[in-house]
Novice: 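Quick one: this structure, given as structure tokens, is what I'll be asking you about.
Residue numbers count from 1 along this sequence. Each ligand, and each atom within it, is numbered from 1 in the order the structure gives. This is a predicted model, so every value here is computed, not measured.
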Amino acid sequence: MRWSQTLIPTMRDTPKDAEAASHKLALRAGLIRQLSSGVYSYLPLGFRVLRKVLELVRREMLAAGAEEVLLPALHPAEIWKKSGRFETLGEDKISFKNRAGMEFVLGPTHEEVITELVGGSVKSFRSLPVTLFQIQTKFRDEARPRFGVIRTKEFIMKDAYSFDIDEAGLDKNYQKMSEAYKKIFTNCGLSFQIVSADPGLMGGKMSQEFMVICPYGEDRVARSQGDYLASQDIAERKDPGLKTPEAKSAKPEPFDTPNLRTIDEISNKFNIAPGRILKTLIYMADDQPIAALVTGDSEVNENKLKRLAEASRIRQASNEEVRNATGAPVGFAGPIGLKLPLYADWDVVGIADGVTGANEKDKHFKGVSFGRDFQPKVLGDIRYVKDGDDAPDGNGKLELTTTMEVGHIFKLGTRYSESIGAHFLDESGVLKPMIMGCYGIGVNRILAAVIEEHHDESGIKWPKSIAPFEFEIITVNQGDETIVAAAEKIYRELSDAGREVLYDDRDERAGVKFKDADLIGIPMRIVIGERNLKEGNVEVKDRLSGESRVIPLDALLPTYAGTQV
Ligand code: ATP
Ligand code: MG
């Protein structure tokens with residue numbers, strides 16, 4: 001491809017709103033442009049990278065025995081209602097009515113559609129197992145699209161679904177997919193970790209996330225000094241074994257806190273460390289109010305609370321429910337005298353001279369002591385883990401890292417085969433629901449993740465496997481006929497040999513071309529300049545290692561035409 005004939009609008013300056021390195025570089029290198037918030041166009045270089053990633057993904061899916069299909073993006077709302085997810089999709093759902101008044105959802109994922117398809121087509125154990133995958137655009141009205149193509153409203157996903165007759169079959173397919181994912185991410189040049197994740201969201205039994213370390217990711221992973229590695233969503237900690245402390249005060253004393261409702265407000269106004277403030281949150285557990293107690297520097301993990309409270313559903317109480325349960329508006333709840341089951345985090349045991357809400361508008365207590373002034377119904381681990389918590393496997397402290405999820409694999413079980421209806425007759429003629437797994441990869445996110453991992457201050461350093469081109473030819477002076485003739489020859493011969501070549505044939509200063517070449521990051525650069533050419537040589541520079549060498553023009557083709565760089 002000749003630069004002059006394609007569209008590579010590189011930018012000198014760093015775009016103002018871009019924070020993540022991958023976002024800045026993808027814009028500056030002319031890979032992407034934003035159409036509206038969270039909606040991007042892929043330009044020729046960006047789309048070439050996406051296609052390379054897609055080819056790698058497709059190859060490994062086929063090798064793992066999955067067959068490709070293409071499912072509709074337009075889903076009748078009915079099918080989402082059938083699985084019960086129409087509501088839970090919430091505001092992320094992009095839906096509308098057509099002229100006949102029929103409601104549609106633009107597919108955010110495809111468990112419902114594929115289950116209906118396979119359920120309608122497979123009747124006997126003889127046709128199972130089957131694994132199908134597709135590569136398609138998904139639509140989610142994300143509340144906060146950010147960091148370029150890391151979180152967008154429209155993105156390409158590879159989603160695969162396995163259907164088995166039993167758990168053993170699912171285990172095998174899950175393992176196969178996990179192996180395929182390892183190959184895909186390794187081939188893309190990504191360093192990744194496989195992390196235990198929360199299967200609850202999809203209604204499954206087990207799930208793992210493929211995470212890359214990235215400061216702009218929105219996930220956090222907790223790791224012990226040993227093998228323990230889990231998403232912060234589910235990571236646990238060892239009981240710190242805090243002892244009930246000696247109360248320093250005679251009794252709790254009320255004090256005025258007009259309109260001070262949050263931990264920050266109280267902490268700032270009275271100069272009290274958040275760790276000494278008891279946060280009391282009211283939840284509805286299976287429609288009954290309960291109170292959760294954590295220290296002011298922690299966040300309640302609702303899944304942990306749900307487990308401790310042995311509830312099947314949990315949600316934060318509404319303002320009115322809080323008022324009914326505590327007798328005070330939101331922001332003034334506290335454990336003293338509260339007639340609700342109290343679920344307290346282990347941290348709370350250490351509180352001797354704490355501050356809590358007084359269950360009265362504009363009032364808090366100080367001098368509050370655990371044990372003396374209130375007793376929880378159950379003590380346990382109900383908060384998100386933090387850096388420095390004791391690791392649950394006993395191996396030192398937990399360390400948290402910011403990561404980005406690039407892939408996710410789930411054992412779904414019968415969640416969808418039962419609700420949508422995908423049954424088969426087993427060997428003895430008994431009708432059973434199929435056992436499902438689902439496996440997703442965010443293709444656009446891979447592009448961003450690879451840039452995050454492979455760049456320097458001058459630009460992108462594409463791994464060879466997914467680079468938009470293998471070679472870039474640069475003429476130092478496009479006005480010099482000998483240089484141009486040599487460039488044309490190399491361009492033609494390498495292209496004829498099946499190599500992917502970008503020829504920077506612009507009439508630009510050499511400095512501009514070199515800067516752009518560093519920015520767009522093609523692995524091999526062939527520089528044709530007057531001085532080298534006089535001796536029959538060209539310069540070849542490796543963008544990854546930075547090494548450059550001068551080789552005879554005649555040696556170029558034999559060296560590079562046959563093998564992929
Ligand atoms: P996240 O927690 O980041 O929102 P998710 O759990 O909603 O991800 P899945 O439904 O498991 O994601 O989708 C599979 C893959 O699709 C994810 O691993 C991720 O790589 C990608 N993905 C999900 N949402 C987006 C998005 N809004 N923009 C780009 N890629 C996305
Ligand atoms: Mg999401």
Novice: Check the side chains of D159 and Q134 for a donor-acceptor pair under 3.5 angstrom, ignoring hydrogens and angles.
Specialist: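 The answer is yes; a qualifying pair exists.
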
Novice: Quick one: which ligand 1 atoms are inside 4.0 Å of a heavy atom on E142?
Specialist: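 This gives 24 (N), 26 (C), 27 (N) as the contact atoms.
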
Novice: Are any of the N/O atoms in H408 less than 3.5 Å from those in ligand 1?
Specialist: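 Yes; at least one N/O pair falls below 3.5 Å.
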
Novice: Check whether any side-chain N or O of S417 sits under 3.5 Å from a backbone N or O of M434 as a donor-acceptor pair, and report yes or no.
Specialist: yes

Novice: Within less than 4.0 angstrom of ligand 1, does I150 place any heavy atom?
Specialist: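 In this structure, I150 qualifies as a contact of ligand 1 - some heavy atom is under 4.0 Å.
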
Novice: May I ask you to identify, for V406, whether its side chain, its backbone, both or neither come under 4.0 Å of ligand 1 on a heavy-atom basis?
Specialist: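 Within the 4.0 Å criterion, V406 contacts ligand 1 through backbone atoms alone.
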
Novice: Does N444 come within less than 4.0 angstrom of ligand 1, counting non-hydrogen atoms of the residue?
Specialist: no

Novice: Which option out of M157, E405, R445 puts a heavy atom nearest to atom 18 (O) of ligand 1?
Specialist: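 Among M157, E405, R445, the closest heavy atom to atom 18 (O) of ligand 1 comes from E405.
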
Novice: Any side-chain donor-acceptor pair under 3.5 Å between K386 and S298?
Specialist: yes

Novice: Spell out, as yes or no, whether a donor-acceptor pair under 3.5 Å connects the side chain of R383 to the backbone of E299.
Specialist: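 No, the answer is negative, given that no donor and acceptor are paired below the 3.5 Å cut-off.
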
Novice: Spell out, as yes or no, whether a donor-acceptor pair under 3.5 Å connects the side chain of K52 to the backbone of A467.
Specialist: yes

Novice: Atom 9 (P) of ligand 1: which of K138, E209, E111, R140 has the nearest heavy atom?
Specialist: R140

Novice: Is the ring pair F192/F210 parallel, tilted or perpendicular, if the boundaries are 30 and 60 degrees?
Specialist: tilted

Novice: Which of the numbered atoms in ligand 1 are below 4.0 angstrom from a heavy atom of G407?
Specialist: 18 (O)

